[in-house]
Amino acid sequence: MDILRGLSSVPDSFAETGTVVTIGVFDGVHRGHQLLISKAVDTARELGVPCVVMTFDPHPVTIFAPERAPRALMPLDERARHIADLGVDELVVIDFREELAGLTPAEYMDDVLVSTLGAKHVLVGENFTFGRDAAGTATDMAQLGERAGVDVTIVKLLGEGEVRICSTAIRDHLSGGDVALATDFMGRPFSVIAPIERGAGRGGRELGYPTANQYASDTSAVPADGVYAGWLTIIDDGEIDGDMEPGVRYPAAISVGTNPTFGDARRSVESFVLDRDADLYGRMARVEFVEKVRDMLKFNSVDELLEHMSRDVSRTRDILVA
């Protein structure tokens, strides 16, 4: 999949051959997003033209209402990786401030979708909005498409019962510590990606549980404070000093929080990789959350903490082996 930054990087061949386009932030590339994008890919294959996904970075809400900006479920490069896995040919990444903010819905259709992207068919979710002040709806897109000779398919939002699968619902589940439901909605475990940094050194030196410490950005979503079972993968290249390899998922007991027992104020994601010994400082890691083990607690003594950590590791083994 090619990644194109900005409409100015779109090749003239798009307008010549035609494309199938779908549009959205696609934060999390959850099951609803996967359905929409997969339908676009199938339509493109039927027409024999490229499938183009147009997405946004940063999120448009961060521009117009930063106080309401949602915490990101995944960084752009992860979004791109999952979008590519669905068979998309081209990913066009737009900075909304520079290219789309002032366009009317009609200009959006004519100038962006038809003239630049060469859209023959556009697929959008039923809650899609576009154009200046988000004035255009999915129905407006269909009407404008009919006028411009572009087929428009409005895809119904995916849901389970009365609950719609959306990025907001996933964030809500994460904030409540329900990583299992977040995983169900995403179609894969929720993950945090960040470099491994040096912490206080207490885990290995004093407690016998060395951890890989990560500090996610304040703009990134993380699960509620607590202990979780999951997996840690080193995702950059290069040999690791120890008995781990890049690209391999290793079981881990994961603590999210501020270490209240020791008064640490900085919120971190700390992973104890089971049965491994390796120097991971400075490496980029993906930590996937599978199931919550317990809430974060403040213990009265180190012995009490160690007793619970031992239980956490045993419970993590049971969860990940099951």
Side-chain angles (χ1 to χ4, degrees), residues 1-27 29-57 59-60 76-132 134-158:
M1 182 183 75
D2 297 320
I3 300 178
L4 307 174
R5 284 279 188 171
L7 294 173
S8 62
S9 65
V10 172
D12 294 338
S13 60
F14 280 20
E16 296 169 0
T17 63
T19 63
V20 170
V21 179
T22 188
I23 311 160
V25 177
F26 300 122
D27 187 18
V29 196
H30 56 62
R31 287 166 49 203
H33 296 151
Q34 294 167 36
L35 174 65
L36 176 59
I37 295 170
S38 294
K39 284 182 178 292
V41 170
D42 291 343
T43 302
R45 298 296 177 264
E46 292 171 4
L47 296 177
V49 299
C51 179
V52 177
V53 168
M54 187 167 77
T55 194
F56 307 98
D57 187 52
H59 195 299
L76 176 62
D77 56 352
E78 277 291 285
R79 276 191 278 156
R81 183 171 71 91
H82 291 298
I83 289 170
D85 287 344
L86 295 171
V88 171
D89 300 299
E90 310 281 349
L91 179 66
V92 180
V93 182
I94 301 295
D95 186 326
F96 195 83
R97 296 166 296 187
E98 298 178 0
E99 303 193 78
L100 299 179
L103 298 183
T104 66
E107 290 169 337
Y108 195 111
M109 170 62 74
D110 296 338
D111 298 346
V112 177
L113 295 178
V114 177
S115 298
T116 302
L117 297 180
K120 289 186 174 182
H121 197 130
V122 176
L123 295 91
V124 294
E126 62 180 325
N127 62 342
F128 177 73
T129 59
F130 67 106
R132 185 186 303 153
T137 65
T139 301
D140 294 329
M141 176 72 76
Q143 294 171 347
L144 289 168
E146 185 175 1
R147 189 199 69 187
V150 176
D151 292 328
V152 175
T153 296
I154 300 174
V155 178
K156 186 175 177 61
L157 296 181
L158 190 63

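Just so it is clear, the structure is predicted and the values come from calculations on it, not from any experiment.
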Quiz item: Rounded to the nearest 0.5 Å, how far does CG of Leu123 lie from CZ of Phe128?
Solution: 11.5 Å
Self-check item: Worked verdict on Leu76 versus Val93 for side chain to side chain contact (heavy atoms under 4.5 Å, CB included)
Solution: CA-CA 9 Å; Leu76 176 62; Val93 182; 4.0 Å; yes
Quiz prompt | Minimum heavy-atom distance between Val150 and Ala119, given as atom pair plus value | solution = CG2-O, 3.4 Å
Quiz item: Is there a side-chain contact between Leu144 and Val152 (heavy atoms, below 4.5 Å)?
Solution: no
Self-check item: Pairing of Arg79 and Asp57 as salt bridge, 4.0 angstrom limit
Solution: yes
Quiz item: Taking side chain as C-beta onward, heavy atoms only, is Val20 less than 4.5 Å from Thr22?
Solution: no
Quiz item: Any sub-3.5 Å donor-acceptor pair from Glu126's side-chain atoms to Ile154's backbone N or O?
Solution: no
Quiz item: Are any side-chain N or O atoms of Arg132 and backbone N or O atoms of Gly102, one a donor and one an acceptor, separated by less than 3.5 Å?
Solution: yes
Quiz item: Are the side chain of Thr116 and the backbone of Leu113 linked by a donor-acceptor contact shorter than 3.5 Å?
Solution: no
Practice problem: Given side chain to side chain contact (heavy atoms under 4.5 Å, CB included), test Val10 with Glu90 step by step and report yes or no. | Solution: CA-CA 9 Å; Val10 172; Glu90 310 281 349; over 6 Å; no
Quiz item: In this structure, are over 12 heavy atoms from other groups packed under 6.0 Å from Glu146 atom CD?
Solution: no
Practice problem: Given side chain to side chain contact (heavy atoms under 4.5 Å, CB included), test Leu100 with Phe130 step by step and report yes or no. | Solution: CA-CA 9 Å; Leu100 299 179; Phe130 67 106; over 6 Å; no
Quiz item: Do Thr19 side-chain atoms and Phe14 backbone N/O form a donor-acceptor pair below 3.5 Å?
Solution: no
Exercise. Decide yes or no for Leu4 and Leu91: does some side-chain heavy atom of the first lie under 4.5 Å from some side-chain heavy atom of the second?
Key: no
Quiz item: Any sub-3.5 Å donor-acceptor pair from Thr137's side-chain atoms to Asp140's backbone N or O?
Solution: yes
Quiz item: Atom CG in Asp42, atom SG in Cys51: separation rounded to 0.5 Å?
Solution: 9.0 Å
Quiz item: Tell me, do Leu158 and Gln34 make a side-chain contact under 4.5 Å, heavy atoms counted?
Solution: no
Quiz item: Mind checking whether Val112 and Met54 have side chains closer than 4.5 Å, heavy atoms only?
Solution: yes
Quiz item: Can you tell me if CG on Asp77 sees more than 12 non-hydrogen neighbours from other groups inside 6.0 Å?
Solution: yes
